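Encoded as structure tokens, the structure appears first; notes follow it.
Small disclaimer: the values here were computed from a predicted structure and weren't measured. Chain identifiers are assigned alphabetically (A, B, ...) following the order of the sequence lines, protein sequences preceding nucleic acid strands; residue numbering begins at 1 within each chain.
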Number of protein chains: 2
Amino acid sequence: MNLNQATDYAFRAVLYLAGKPKGEVVEAHEIARQQVIPTRFLLKIMPSLIKGGIVKSQRGIGGGYYLAKDPRDITLLDVVEAVEGPVTINRCLADDGYCSRQGIPNCQVHNALADIQEKLVEELKSHNFGDLIK
Amino acid sequence: MNLNQATDYAFRAVLYLAGKPKGEVVEAHEIARQQVIPTRFLLKIMPSLIKGGIVKSQRGIGGGYYLAKDPRDITLLDVVEAVEGPVTINRCLADDGYCSRQGIPNCQVHNALADIQEKLVEELKSHNFGDLIK
DNA sequence: CCTAATGTTTACTAAACTGGTGTACTTTTA
DNA sequence: TAAAAGTACACCAGTTTAGTAAACATTAGG
């Protein structure tokens, strides 16, 4: 029941970029140094945020990263999903429909978990980086 | 961001016991067979539920497990905590106070996560096995 | 009091995951 | 064209996960 370290680092990388003037390009080394993240590891995490449409990158001299959109339009859920994929608190709630209780009808526990998961997702969605940098 | 398999099995073991008449002793093999759980693995999980005050056991011939209290007084949170320990969605929110951003003030993300975690715990607490067996 | 049926405890294990690091490569600017 | 950035892929040690195995402790019944 834990977000992993990569997601935690991603939160802080996005938070750091959100604190910069819009469109300012910040190199990985600066983000890593300021947020106390191993640079190489951050460099491996960033492409996930790019694929998730959260940040954009610029290569070459003077390159780095910048937010792809307004901090207010980036939620905690966006970052979590970009790094870890869809939020599922139980395997049976994953996309592939895996259920260890397959064939057993009336899986009440899993119905309850689905309800809880939905609320968790809504909570993650309710926090955006525009509010967090205040 | 996942409950583990042991917790999932524990949910179903408790649910199965909750469906039995109060105080009826059910052996591990029956629970395992009915709920499609590897018997040996279930046998390893049950002591956690006992330590958590959720079930009680009786050894020897005719032995097995039975609920330690009314199903209405057992929540999903009780089972999760018995099997996995305290719920923490981020390492920095664990008891030991670990924070990868130690020394950095105003950790806004973690404040938001603490808020979300609290709501998740409340949700888990709001579902009890008395309701689930209906 | 002996035996078989039950749960308990501890140790072990293969596979996957976590949190990185290393190396080579591509892109871009000066 | 060289240096400074990000990208991609492979590798790795340690931990966790999901079990299994074996020896042990307790209890009911004969």
Item to check | Atom-to-atom span, CE of B:M1 to C1' of C:dC17 - whole angstrom | outcome: 17 Å
Next on the checklist: Strictly distance-based, threshold 3.5 Å: is any side-chain N or O of A:N4 a donor or acceptor partner for the main-chain N or O of A:A6?
Outcome noted: yes
Checklist entry - So what does A:I37 touch, heavy atoms closer than 4.0 Å: a base, only the sugar-phosphate, or nothing? => result nothing
Checklist entry - Quick check: are there more than 12 heavy atoms from other residues, nucleotides or ligands sitting under 6.0 Å from CZ of B:R33? => result yes
Checklist entry - How long is the line joining CD of A:E27 and P of D:dT7, in whole Å? => result 13 Å
Restricting both atoms to N or O, compile the protein contacts to nucleotides 26-29 of chain C shorter than 3.5 Å, with distance only.
| from | atom 1 | to | atom 2 | distance (Å) |
| --- | --- | --- | --- | --- |
| C:dT26 | O2 | A:R59 | NH2 | 3.0 |
| C:dT27 | O4' | A:R59 | NE | 3.3 |
| C:dT27 | O4' | A:R59 | NH2 | 3.4 |

Item to check | Atom-pair distance (CZ on B:R12; P on D:dA18), nearest Å | outcome: 12 Å
Checklist entry - Is the closest side-chain donor-acceptor distance between B:N90 and A:D8 under 3.5 Å? => result yes
Checklist entry - Contact class for A:I50 vs. all strands (heavy atom < 4.0 Å): base, sugar-phosphate, or nothing? => result sugar-phosphate
Item to check | A:H29 NE2 to D:dA5 P, straight-line distance once rounded to whole Å | outcome: 9 Å
Next on the checklist: Any side-chain to backbone donor/acceptor pair from B:E27 onto B:Y65? Under 3.5 Å, distance only.
Outcome noted: no
Next on the checklist: On the nucleotide C:dG7, are OP1 or OP2 found under 4.0 Å from the side-chain N or O atoms that B:Y66 carries?
Outcome noted: no
Next on the checklist: Check this for me: A:E118, atom CD, are more than 12 non-hydrogen atoms of other residues, nucleotides or ligands nearer than 6.0 Å?
Outcome noted: no
Item to check | Minimum heavy-atom distance between A:A112 and B:L132, given as atom pair plus value | outcome: CB-CD2, 3.9 Å
Item to check | B:L43 CG to D:dA21 C1', straight-line distance once rounded to whole Å | outcome: 12 Å
Checklist entry - Please give, in whole Å, the distance from D:dT15 P to A:N2 CG? => result 16 Å
Checklist entry - Taking atom P of D:dA5 as reference, at what distance in whole Å does atom CZ of A:R33 sit? => result 11 Å
Item to check | Between D:dT7 (P) and A:K56 (NZ): distance, integer Å | outcome: 14 Å
Tabulate atom names and distances for all N/O pairs under 3.5 angstrom spanning the protein and nucleotides 18-21 of chain C.
| from | atom 1 | to | atom 2 | distance (Å) |
| --- | --- | --- | --- | --- |
| C:dG19 | OP2 | A:Q5 | N | 3.1 |
| C:dG20 | OP2 | A:Y9 | OH | 2.9 |
| C:dG20 | N7 | A:K44 | NZ | 2.7 |
| C:dG20 | O6 | A:K44 | NZ | 2.9 |

Checklist entry - For C:dT6, does either OP1 or OP2 sit under 4.0 Å from a side-chain N or O belonging to B:S57? => result no
Next on the checklist: When you measure from the side chain of A:Q117 to the backbone of A:I89, do you find a donor-acceptor pair of N or O atoms at a distance under 3.5 Å?
Outcome noted: yes
Item to check | Donor-acceptor pair, side chain of B:D78 and main chain of B:T75, under 3.5 angstrom | outcome: yes
Item to check | Whether B:F41 and B:Y9 hold their rings parallel, tilted or perpendicular, with breakpoints at 30° and 60° | outcome: perpendicular
